[in-house]
Amino acid sequence: MRVLLVAPPGAGKGTQGALIATHFGVRHVATGDLLRDHVARQTPLGLAVKERLDRGELVPDDVVLDMVRDAFQEAKEQGGGYVLDGMPRNMPQARALYQVGLSLDMTADVALHLKADDDELIRRLLARAALEHRSDDSEQVIRRRLALYHEVTHPIVDWYSSRGILVSVDAMRPVAEVARQVLTALEALNSLVDLVPESARRSIDLTGLGAAFGDS
Ligand code: AP5
């Protein structure tokens, strides 16, 4: 199973990405985690990108593309599955990633879109800020990250929809309920991806299915 996560800050990319990766036994590649690891180790790359992370700005496309290409090569050696969390963030990254996927015969089966309201996302990230100390979890930087998501990242959802690989899920509900809906959808698709060519696939919108997945 090869899954991309496209979602705003706080929607649950890291949370759901880890669950999906464990469930399918595939690699979880989280660009934010990889970048924060470089910052923590004070590598040349980490020192170069730290200020951008702190300000909630995107790091240059080439930097993340190189990291993800390396991670995909490792994932290929481990069977070819992955959950990519944090990339693409803009249309050039989406196109470049598609080319990397084509070159390794590892294009995504599913682009998973986690939908949630800004007020809820801000609430979650401020709650996290009280417990952890991520340098970009101040209210001002959270609002900048969200604005950037709406401006440059969200538009790529339509591109995945037109490719027929988009699955949209309501991420406003508790973690376990979101996970149940996500894993149910991915399990169903997993049995089809090798049978149905990409050109014949259709996007799936599950955001109205709350009652079937635990809403009262
Ligand atoms: P990144 O690490 O990707 O951060 P982000 O997109 O801002 O997302 P978060 O990690 O804050 O949230 P999430 O959606 O993963 O949610 P999570 O599961 O953690 O990127 C950080 C920075 O790196 C970027 O700003 C940029 O500078 C750089 N970067 C990364 N990729 C890049 C790229 N491709 N190009 C350029 N720059 C890049 O959950 C958040 C909180 O909510 C947690 O406390 C969690 O417990 C809680 N939670 C999760 N789900 C639920 C739920 N359903 N109900 C209640 N609480 C929940």
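This chain uses plain numbering: 1 for the first residue, then up along the sequence. All values below come from the heavy atoms of this structure, side chains included, with hydrogens, waters and symmetry mates left out. Both ligands and their constituent atoms are indexed starting at 1 by order of listing.
Scanning the protein for heavy atoms near atom 22 (C) of ligand 1, the closest one is L53 CG, 4.1 Å. Atom 28 (C) of ligand 1 has its closest protein heavy atom at L35 CD1, 3.6 Å. With respect to atom 43 (C) of ligand 1, the closest heavy atom belonging to the protein is R128 CD, 4.1 Å. Closest to atom 30 (C) of ligand 1 among all protein heavy atoms lies T31 OG1, 3.5 Å. Atom 53 (N) of ligand 1 has as its closest protein heavy atom R173 O, 2.8 Å. Among protein heavy atoms, the minimum distance from atom 4 (O) of ligand 1 is reached at R134 NH2, 3.2 Å. Considering only non-hydrogen protein atoms, atom 16 (O) of ligand 1 sits nearest to G12 N, 3.2 Å. In terms of protein heavy-atom proximity, atom 48 (N) of ligand 1 is closest to R124 CD, 3.9 Å.
The atoms of ligand 1 that sit less than 4.0 Å from any heavy atom of P174 are 53 (N). Numbered from 1 in the order shown, with element, the atoms of ligand 1 that lie under 4.0 Å from a heavy atom of G86 read 31 (N), 32 (C), 33 (C), 34 (N). Those atoms of ligand 1 that come under 4.0 Å of a heavy atom in M87, given as number and element, are 34 (N). Near G14, with a cut-off below 4.0 Å to any heavy atom, the atoms of ligand 1 are 13 (P), 15 (O), 18 (O). Within ligand 1, the atoms closer than 4.0 Å to a non-hydrogen atom of R36 are 2 (O), 21 (C), numbered from 1 in the order shown.
For D61 and R95, the salt-bridge test fails: no basic side-chain N is under 4.0 Å from an acidic carboxylate O. E120 has a carboxylate O that lies under 4.0 Å from a charged side-chain N of R123, or vice versa, which qualifies the two as a salt bridge. For the pair R134 and E132, the salt-bridge criterion is not met [side-chain N within less than 4.0 Å of a carboxylate O]. The existence of a salt bridge linking K115 and D170 is excluded, since no basic side-chain nitrogen approaches an acidic carboxylate oxygen closer than 4.0 Å.
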Check residues 23-33 and write down every donor-acceptor pair under 3.5 Å in which the side-chain atom is one partner and the other belongs to a residue at least two apart or another chain.
unit_1 : atom_1 : unit_2 : atom_2 : d
H23    : NE2    : E187   : OE2    : 2.7
R27    : NH1    : E74    : OE1    : 2.5
R27    : NH2    : E74    : OE1    : 3.3
H28    : NE2    : D85    : OD2    : 3.0
T31    : OG1    : G86    : O      : 3.3
D33    : OD1    : R36    : NH2    : 2.8

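R52 contributes no side-chain N or O that, together with a main-chain N or O of V59, makes up a donor-acceptor pair within less than 3.5 Å.
Evaluation of the ring-ring contact (aromatic ring centres under 6.0 Å, His included) test over residues 64-84, restricted to residues two or more places apart or in two chains, returns F72-Y82.
The nearest non-hydrogen atom to atom 1 (P) of ligand 1, considering only M172, R89, Q93, K13, comes from R89.
Taking 4.5 Å as the limit, some side-chain heavy atom of V63 sits within range of a side-chain heavy atom of L35. Within the 4.5 Å cutoff, side-chain heavy atoms of L126 are placed close to those of I142. In this structure the side chain of L186 reaches within 4.5 angstrom of the side chain of I20, judged on heavy atoms. Taking the side chain as every heavy atom from C-beta outward, V6 and T153 approach each other to under 4.5 Å. Residues P88 and Y160 are in side-chain contact: their nearest non-hydrogen atoms beyond the backbone lie under 4.5 Å apart.
An N or O contact shorter than 3.5 Å links G10 to ligand 1 by distance. Between R123 and ligand 1, a contact under 3.5 Å exists for no N or O pair. Here's the thing with T15: one of its N/O atoms is less than 3.5 angstrom from an N/O atom of ligand 1.
Counting heavy atoms under 4.0 Å from ligand 1, residue A127 does not touch it at all. By the criterion of a heavy-atom distance under 4.0 Å, both the backbone and the side chain of V59 are placed next to ligand 1. Under 4.0 Å from ligand 1, the heavy atoms of E57 that appear belong solely to its backbone. Only the side chain of L125 comes within contact range of ligand 1, with a heavy atom under 4.0 Å; no backbone atom does. Only the backbone of P8 comes within 4.0 Å of ligand 1, judged by heavy-atom distances.
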Quick one: do D205 and S168 satisfy side-chain hydrogen bond (donor to acceptor under 3.5 Å, both in side chains)? Show the steps, please.
CA-CA 5 Å; D205 186 348; S168 297; 4.8 Å; no
